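Can you keep this structure in mind? I'll have questions shortly.
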Amino acid sequence: GWSMGGAVAQHMALKAPEPLQSLALAASFARLDPIGAQVIANLQQLLAWRKNWAEWAPHAVYLFVAPKFYNENEELMAKITALVSGEDRDMVSYDHLATACIEHEALDQLSDIQTPTLVMGGQYDPICSMTTQRWMMEKLPNAEQEVFENSSHFFLMEEATKAMATMESWFEKNAV
């Protein structure tokens, strides 16, 4: 599960661990640290104030990639900004999802997840920071960590080759 999807995956592992062979949590969290919660709250407030994805996008996209990636991929960042600016996205759903992320608290339950778990995070991620990654590693009894040193929240794109190799290796190692 990526980002909030990893939070959902944690609950799935807690409620029905039997069918799971392994978990891979990418740029995820069991609880946001204060900076991550503030970033999400700021983006949520901006959208509530302006009610316009095109105005929201430039304030958001740079938070999802490492500074070097942002600076060196001007054309790609323009495409991502245009994609995120699409007015067909539901603002009410985004508001509820943002609140769910801010309020998500599963840290104290992670020790119950016995499933082998891969925790992956981008070194520069302000949302699912290295602090949130460390918290998960301290609680998950059967976890390994992979840090993407040159990336942020979108490390799956920023370091795609490494991300795919890491996940393929993890799933091969943990297949029954």
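Bear in mind the structure is a predicted one, so any value in this text is a computation, not a measurement.
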Run the side-chain contact (heavy atoms from CB on, under 4.5 Å) check on E168 and K173 step by step: do they pass?
CA-CA 9 Å; E168 286 173 0; K173 182 172 91 173; over 6 Å; no
Side chain to side chain donor-acceptor pair (under 3.5 Å) contacts touching residues 154-164 (sequence neighbours left out):
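Found E146-K162, S151-E159.
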Taking all heavy atoms of A143 and all of V119, pick out the closest pair and write down the distance.
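Scanning both residues completely, I find the closest heavy atoms to be CB-CG2, 4.4 Å.
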If you compare all heavy atoms of Y70 against all heavy atoms of V65, which two are closest, and at what distance to 0.1 Å?
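The pair with the smallest heavy-atom distance is CB-CG2, 3.7 Å.
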Taking C-beta and beyond as the side chain, do H59 and N42 meet within less than 4.5 Å on heavy atoms?
no
Looking only at heavy atoms, the pair that brings M130 and G122 closest together is CE-O, 3.4 Å
Pairing residues for W170 by the ring pair (Phe, Tyr, Trp, His ring centres under 6.0 Å) criterion, not counting sequence neighbours
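Ring pair (Phe, Tyr, Trp, His ring centres under 6.0 Å) list for W170, sorted by chain: empty.
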Here the pair of heavy atoms bringing Y94 nearest to L43 is OH-CB, 3.5 Å
Does one hydrophobic cluster hold both L76 and F64, with members joined at side-chain heavy-atom distances below 4.5 Å?
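Per the 4.5 Å side-chain linkage, L76 and F64 are co-clustered.
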To the nearest 0.5 Å, how far apart are CG in L97 and CD1 in I40?
10.0 Å
Tell me whether K51 is salt-bridged to E87, with the criterion being a basic N under 4.0 Å from an acidic carboxylate O.
no
State, with a plain yes or no, whether a side-chain heavy atom of L25 is found less than 4.5 Å away from one of Q10.
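Side chain of L25 against side chain of Q10, heavy atoms only: contact under 4.5 Å found.
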For the CE atom on M12, are there more than 12 heavy atoms of other groups (residues, nucleotides or ligands in this structure) within a distance under 6.0 Å?
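No.
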Could you give the distance from OG (S3) to CD1 (I127), rounded to the nearest 0.5 Å?
6.5 Å
Taking C-beta and beyond as the side chain, do T166 and F148 meet within less than 4.5 Å on heavy atoms?
yes
What are the two closest heavy atoms between A30 and M136, and how far apart are they?
N-SD, 3.7 Å
Is a side-chain N or O of S28 found less than 3.5 angstrom from the main chain of A7, in a donor-acceptor match?
yes
Restricting to non-hydrogen atoms, name the atom on A13 and the atom on L23 that form the minimum distance, rounded to 0.1 Å.
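That would be CB-CD1, 3.7 Å.
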Here the gap from M91 atom CE to L47 atom CG, rounded to the nearest 0.5 Å, amounts to 5.0 Å
Do any N or O atoms from the side chain of N73 and from the backbone of F69 form a donor-acceptor pair under 3.5 angstrom?
yes
Side-chain contact test, heavy atoms from C-beta onward, threshold under 4.5 Å: evaluate it for N71 versus K68 and give yes or no.
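Not in contact.
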Quick check: do F171 and L118 have side-chain heavy atoms less than 4.5 Å from each other?
no
Please say whether the positively charged group of R31, taken as NZ for Lys or CZ for Arg, lies over the ring of W135, i.e. under 6.0 angstrom from the six-membered ring centre and within 45 degrees of the axis.
yes
Spatial distance of atom CE (M4) from atom SG (C128) [nearest 0.5 Å]:
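That separation rounds to 11.0 Å.
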Backbone of A165 reached by a side-chain donor or acceptor of S169 within 3.5 Å
no
Contact check, side chains of V61 and M77, non-hydrogen atoms, under 4.5 Å
yes
For the CG atom of L14 and the CD1 atom of I113, what is their distance to the nearest 0.5 Å?
4.0 Å
Does the side chain of L156 reach to within under 4.5 Å of the side chain of M167, using non-hydrogen atoms?
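Yes; the side chains approach each other to less than 4.5 Å.
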Are F155 and W2 close enough that their ring centres sit under 6.0 Å apart?
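No, ring centres 6.0 Å or more apart.
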State, yes or no, whether a side-chain contact exists between L46 and E55 at a heavy-atom distance under 4.5 Å.
no
Rounded to the nearest 0.5 Å, what separates atom CH2 in W53 from atom CG in L83?
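One finds 11.5 Å between CH2 of W53 and CG of L83.
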Taking it one step at a time, do H11 and H104 satisfy side-chain contact (heavy atoms from CB on, under 4.5 Å)?
CA-CA 11 Å; H11 286 285; H104 176 66; 3.1 Å; yes
Tell me whether M137 shares a hydrophobic cluster with F29, the cluster being built from Ile, Leu, Val, Met, Phe, Trp, Tyr side chains joined at under 4.5 Å.
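No, M137 and F29 fall in different hydrophobic clusters.
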Among residues two or more places apart or on two chains, list those pairs meeting side chain to side chain donor-acceptor pair (under 3.5 Å) that have a residue in residues 113-134.
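Qualifying pairs, neighbours excluded: D33-S129, D125-H153, R134-E138.
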